[in-house]
A.B. asks: 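Next up is a structure, given as structure tokens.
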Amino acid sequence: MASGELRRRGGHARPAQPWTRPGQHRQRIGQPGRVRGHHRRTPQRYARTQEFLHLLRRLWTEEDVTFHGEHFRVTGSTVAPRPYATDGRPHPTLYFGGASEAAERVSAAEADVQLFWGEPLDGIAERVDRLKAMSEQVGRRHKPLEFGLRITTLVRDTTEEAWRAAEEKVAKMAAGKGAATWTGNRRKAVGQQRLFDLAERGEVLDTCLYTTPGKVGGGGAATTWLVGSPDDVAEALNGYRKLGITHFVLSDTPYKPEVARIGDQLLHRLRERAG
């Protein structure tokens, strides 16, 4: 709850939705202008988002905030209760995704972590370099932007078992027995289109990046998969780490057994490679 006056121009949609307790955990924030049927053109949405994130940081870390922007107005506002803070983290980490130029400019200016989907190493390296340069261009006022990878990992005891399982999953998806994995804008989203285009480069890129799922209904973080034994996938993830990726968001379905598999077989191998 914030005391004081809060006005938001051009709509009354609430872009923030808590995942868990707001004090110590994470906050899910929808892009302002894309909620409750409020559709704005992309440049306007991202300008609104950037202003919102700037204001959000201030509300999380300051008291008696007054801010009069193009999209938001706050007068004498103090958030209570305050988000849980530590010496190294004054507020919840702001993760941000998006591959368009407008999205990357927002991330370079206001995000804590830019999340990438599963592109090949050369594509991620290009984007990391571009975002670092863009951070300087936009006059970033925060700690250096960090980078994360959000991807599906299909891990089995052996390489052969993993690829057999991957091909079986893809066959079920192609037969219509698997649900669509992403319901976003498959036609216009720049990041999604980048993943779809990877299939033209080959079925398997780098060492074990599988592009076929995107051709049979996979979307978002499930458009491409890292497939292999624990050592295969850990080595692939280590390749991203060497590019500067420090946050990994890994999953597969069904979630419960696959989360256990990732925790038991994969994470310690990645830590060992990180030294």
A.B. asks: Name all residues meeting the side-chain contact (heavy atoms from CB on, under 4.5 Å) criterion together with Asp197; count only those two or more places apart in sequence or in a different chain, and write none if there are none.
C.D. replies: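 Result, side-chain contact (heavy atoms from CB on, under 4.5 Å) vs Asp197: Gln193.
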
A.B. asks: With distance as the sole test, does Thr224 use its side chain to make a donor-acceptor pair with the main-chain N or O of Tyr210 at under 3.5 Å?
C.D. replies: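 Side chain of Thr224 to backbone of Tyr210, a donor-acceptor pair under 3.5 Å: no, none is there.
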
A.B. asks: Measure the shortest side-chain to side-chain distance between Phe116 and Ile151 over non-hydrogen atoms and say whether it is less than 4.5 angstrom.
C.D. replies: no

A.B. asks: Are His91 and Tyr84 close enough that some pair of their side-chain heavy atoms sits under 4.5 Å apart?
C.D. replies: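 Side chain of His91 against side chain of Tyr84, heavy atoms only: no contact under 4.5 Å found.
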
A.B. asks: Tell me whether Lys169 is salt-bridged to Asp252, with the criterion being a basic N under 4.0 Å from an acidic carboxylate O.
C.D. replies: yes

A.B. asks: So, for Asp206 and Leu121, which heavy atoms are closest and what is the spacing to 0.1 Å?
C.D. replies: OD2-N, 2.8 Å

A.B. asks: Closest approach of Asp64 and Thr78, non-hydrogen atoms and distance?
C.D. replies: N-OG1, 2.8 Å

A.B. asks: Give a yes or no on whether Glu101 atom CD has more than 12 heavy-atom contacts from other residues, nucleotides or ligands under 6.0 Å away.
C.D. replies: no

A.B. asks: Do Arg140 and Leu145 have side chains that approach each other closer than 4.5 Å (heavy atoms only, starting at C-beta)?
C.D. replies: yes

A.B. asks: Taking all non-hydrogen atoms of both residues, which atom of Ser100 and which atom of Tyr46 are closest, and how far apart?
C.D. replies: OG-CE1, 4.0 Å

A.B. asks: Using a 3.5 Å distance criterion without hydrogens, assess whether the side chain of Arg57 forms a donor-acceptor pair with backbone atoms of Glu110.
C.D. replies: yes

A.B. asks: Tell me whether Arg48 is salt-bridged to Glu70, with the criterion being a basic N under 4.0 Å from an acidic carboxylate O.
C.D. replies: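 The answer is no: the pair does not qualify as a salt bridge.
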
A.B. asks: Apply the side-chain contact (heavy atoms from CB on, under 4.5 Å) test between Phe147 and each candidate in Val113, Ile124, Leu131; give the one that qualifies.
C.D. replies: Leu131

A.B. asks: Taking all non-hydrogen atoms of both residues into account, name the closest pair between Val65 and Glu62 and its distance.
C.D. replies: CG2-CB, 3.7 Å

A.B. asks: Decide yes or no for Leu266 and Leu250: does some side-chain heavy atom of the first lie under 4.5 Å from some side-chain heavy atom of the second?
C.D. replies: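 Leu266 reaches Leu250 side chain to side chain.
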
A.B. asks: Under 3.5 Å, side chain of Thr223 to main-chain N/O of Gln192, donor-acceptor pair present?
C.D. replies: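 Not confirmed, Thr223 side chain does not pair with Gln192 backbone.
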
A.B. asks: Distance alone, cut at 3.5 Å: any donor-acceptor contact between the side chains of Arg150 and His247?
C.D. replies: no

A.B. asks: Is it the case that the side chain of Arg130 and the backbone of Ala133 share a donor-acceptor pair, with hydrogens and angles ignored and the cut-off at 3.5 Å?
C.D. replies: no

A.B. asks: Kindly indicate, with the supporting measurements, whether the criterion side-chain contact (heavy atoms from CB on, under 4.5 Å) is fulfilled by Leu115 and Leu149.
C.D. replies: CA-CA 5 Å; Leu115 278 181; Leu149 182 69; over 6 Å; no

A.B. asks: State, without any angle test, whether Ser107 and Gln114 hold a side-chain donor-acceptor pair at a distance under 3.5 Å.
C.D. replies: yes

A.B. asks: Consider only side-chain N and O atoms of Glu258 and Thr253, and report whether a donor and an acceptor are under 3.5 Å apart.
C.D. replies: no

A.B. asks: Return the set of residues passing side-chain contact (heavy atoms from CB on, under 4.5 Å) with Asp232 (not counting sequence neighbours), or none when no residue passes.
C.D. replies: Thr159, Ser229

A.B. asks: Which heavy atom of Val233 sits nearest to which heavy atom of Val227, and what is that distance?
C.D. replies: CG2-C, 3.9 Å

A.B. asks: Look at the aromatic rings of Phe72 and Phe52 and report parallel, tilted or perpendicular, splitting at 30° and 60°.
C.D. replies: tilted

A.B. asks: Hydrophobic clusters join Ile, Leu, Val, Met, Phe, Trp and Tyr when side-chain heavy atoms are under 4.5 Å apart, directly or via other members; which others share one with Met134?
C.D. replies: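 Members besides Met134, by chain and number: Val138.
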
A.B. asks: Check Glu136 with Lys132, please: is the shortest side-chain N to carboxylate O separation under 4.0 Å?
C.D. replies: no

A.B. asks: Mind checking who shares a hydrophobic cluster with Tyr255, ILVMFWY linked at side-chain heavy-atom distances under 4.5 Å?
C.D. replies: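 None, because no other hydrophobic side chain comes under 4.5 Å of this residue.
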
A.B. asks: Is any side-chain heavy atom of Leu237 closer than 4.5 Å to one of Phe248?
C.D. replies: yes

A.B. asks: Has the side chain of Ser251 got a donor or acceptor atom that lies under 3.5 Å from a matching backbone atom of Thr152?
C.D. replies: no

A.B. asks: With a 4.5 Å limit on heavy-atom distance, are the side chains of Phe96 and Thr49 in contact?
C.D. replies: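 Yes, their side chains come closer than 4.5 Å.
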
A.B. asks: When rounded to the nearest 0.5 angstrom, what distance separates CZ in Arg73 from CG in Leu55?
C.D. replies: 12.0 Å

A.B. asks: List the atom of Leu154, the atom of Ala162, and the distance in Å for their closest heavy-atom pair.
C.D. replies: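 Minimum heavy-atom separation between Leu154 and Ala162: CD2-O, 3.4 Å.
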
A.B. asks: Between Arg82 (side chain) and Trp60 (backbone), is there a donor-acceptor pair under 3.5 Å?
C.D. replies: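 Side chain of Arg82 to backbone of Trp60: a pair is present.
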
A.B. asks: How long is the straight-line distance from OG of Ser135 back to NE2 of His142, given to the nearest 0.5 Å?
C.D. replies: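 So the NE2 of His142 and the OG of Ser135 are separated by 10.0 Å.
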
A.B. asks: Once you round to the nearest 0.5 Å, how far does OG1 of Thr61 lie from CG of Leu56?
C.D. replies: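 Nearest 0.5 Å value for the OG1-CG distance: 9.0 Å.
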
A.B. asks: Return the set of residues passing side-chain contact (heavy atoms from CB on, under 4.5 Å) with Pro230 (not counting sequence neighbours), or none when no residue passes.
C.D. replies: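 Per chain and number, Pro230 pairs via side-chain contact (heavy atoms from CB on, under 4.5 Å) with Val155, Gln265, Arg269.
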
A.B. asks: Would you mind reporting whether Arg194 and Arg127 have side-chain heavy atoms less than 4.5 Å apart?
C.D. replies: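 SC-SC contact between Arg127 and Arg194 confirmed.
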
A.B. asks: Hey, could you give me the CG/CD distance between Leu243 and Glu126, rounded to the nearest 0.5 Å?
C.D. replies: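 Here the rounded value is 12.0 Å.
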
A.B. asks: State which residues pass side-chain contact (heavy atoms from CB on, under 4.5 Å) with Asp122; sequence neighbours excluded, sorted by chain then number.
C.D. replies: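 Per chain and number, Asp122 pairs via side-chain contact (heavy atoms from CB on, under 4.5 Å) with Pro120, Arg201.
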
A.B. asks: Does a side-chain heavy-atom distance below 4.5 Å link Val204 with Thr211?
C.D. replies: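 Sidechains of Thr211 and Val204: no contact.
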
